Structure formats: C-alpha cells, structure tokens
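The structure appears below as structure tokens.
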Amino acid sequence: MTSFAQKVYGIVRRIPKGRVMTYARVARLAGRPRASRAVGNVLHRNPRSFFVRGLAPSERVPCHRVVKSDGRPGGFAPGTGKKIALLKKEGVLFRNGRIAGKFS
DNA sequence: CTAATGACCATTA
DNA sequence: ATAATGGCCATTA
C-alpha cells in the first residue's frame with residue numbers, strides 16, 4: 001500500500017451516503033492537485049468496495065461516490081450500471097445520465 | 001532504468 | 001450542446 005493510496009482511501013472513506021465527490025477534488029485533498037487520473041487508478045483496484053462481502057460498513061471504501069467533473073458517473077470495476085444503481089439507492093438524483101445538482 | 005496504462009481534466013473547436 | 005486533443009501522474013510491467 002503506497003502513501004498516495006492511503007491518502008486517497010482515507011479521503012474517500014469519509015464521503016457520506018448520498019453525496020458525491022469528483023476525482024479532481026479527491027486529488028486536491030490528497031495534496032496532488034493534478035493527479036485526478038492517478039486517483040482513478042487507485043480506486044480501480046480498491047480492495048474494499050461495496051461489492052466486497054463480509055466487511056463492516058466503517059471499513060468499506062465507498063468508491064462509487066467518486067464521479068467525474070462533468071457530472072457523468074465515471075468508471076466502476078463491477079460495471080458503471082452498478083455504480084449508478086448504488087448511487088440511486090442512496091438518494092443521488094440523475095438527470096439524463098448526469099448527476100443532478102452541484103458538486104465539486 | 002524506461003514504457004505503458006488508465007474508474008481523469010480543462011481547453012478548444 | 002458534443003467531440004477531439006493534449007496534458008497529467010501514480011502505479012506497474
């Protein structure tokens with residue numbers, strides 16, 4: 001586990017249910033303002049997603065709450081459809097394939 | 001060491 | 001509004 005990955009997971013872990021954060025924002029909070037793409041790389045191999053069974057809620061990393069800057073959901077290892085389903089279940093609203101409302 | 005790989009971003013047309 | 005483009009950067013092969 002690299003220190004960058006630890007920072008990323010530590011940040012993503014505290015995104016509350018029903019809210020989303022962009023990859024770029026995670027990168028800034030991690031102290032690497034231009035590493036948004038690398039954030040995606042880390043989350044791509046997230047070992048503690050919501051699809052891993054047998055984990056306490058506090059020990060999961062809700063990487064499905066990290067989305068693109070343009071409001072589209074972005075990638076998800078189990079499939080983008082799953083990501084959208086999870087977000088909708090948490091109350092996140094979509095308007096023609098984009099997240100409704102503002103975020104940063 | 002170098003090169004390739006992305007769950008991306010901002011700008012431009 | 002969309003699409004293409006160049007850049008970005010931590011990881012991995």
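Every chain is numbered from 1, with letters handed out A, B, ... down the list of sequences. Small disclaimer: the values here were computed from a predicted structure and weren't measured. Below, all heavy atoms of this structure are taken into account, side chains as well, without hydrogens, waters or symmetry copies.
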Next item on the list: Determine: side-chain N/O of R34(A) to OP1/OP2 of dC9(C), distance under 4.0 Å, yes or no.
Entry: yes
Next item on the list: Find the distance K83(A):NZ to dC8(B):C1' and express it as a whole number of Å.
Entry: 11 Å
Checklist line | R32(A) atom CZ: more than 12 heavy-atom contacts under 6.0 Å | finding: no
Next item on the list: May I have the distance from Y23(A) (atom OH) to dA7(B) (atom P), rounded to whole angstrom?
Entry: 8 Å
Can you give me the N/O atom pairs linking the protein to nucleotides 10-13 of chain C at distances under 3.5 Å, or say none if there are none?
unit_1	atom_1	unit_2	atom_2	d
dT11(C)	OP1	T2(A)	OG1	2.1
dT11(C)	O3'	R45(A)	NH2	3.4

Item checked: Protein-nucleotide distance (K7(A), atom NZ; dC9(C), atom C1'), rounded to Å -> 14 Å
Next item on the list: Kindly compute the distance separating CG (L43(A)) from CZ (F76(A)), expressed to the nearest 0.5 Å.
Entry: 10.0 Å
Next item on the list: Quick one: look up who dA10(C) pairs with, Watson-Crick or G-U, both distances under 3.5 Å, and put none if it's unpaired.
Entry: dT5(B)
Notebook entry, point to check: What distance do Y9(A) atom OH and R48(A) atom CZ have between them, rounded to the nearest 0.5 Å?
Noted result: 9.5 Å
Notebook entry, point to check: Can you name the closest pair of heavy atoms from F51(A) and P78(A) and give their distance?
Noted result: CG-CG, 4.1 Å
Margin query: What is the separation between atom CZ on R28(A) and atom P on dC8(B), rounded to the nearest whole Å?
Written below: 16 Å
Checklist line | d(CZ, F103(A); C1', dC9(B)) in whole Å | finding: 13 Å
Check: NE2 of H44(A) versus P of dG6(B): gap in Å, rounded?
Finding: 7 Å
Note to self: Whether S69(A) contacts dC9(B) is assessed here as follows: a side-chain N or O lying under 4.0 Å from the phosphate OP1 or OP2. Is that the case?
What the structure shows: yes
Next item on the list: Rounded off to whole Å, could you give me the CG-to-P distance for the D70(A) and dA3(C) pair?
Entry: 12 Å
Item checked: salt_bridge(E90(A), R65(A)) N-O dist < 4.0 Å -> yes
Next item on the list: Starting at NE2 of H64(A), measure out to NZ of K82(A) and round the result to the nearest 0.5 Å.
Entry: 13.5 Å
Item checked: Distance, nearest 0.5 Å, that separates OG of S69(A) from CZ of F103(A) -> 7.5 Å
Margin query: Rounded to whole Å, please give me the gap between OH in Y9(A) and P in dA7(B).
Written below: 12 Å
Notebook entry, point to check: Starting at the 5' end of DNA chain C, which residue's closest nucleotide do you reach first, R98(A) or R37(A)?
Noted result: R98(A)
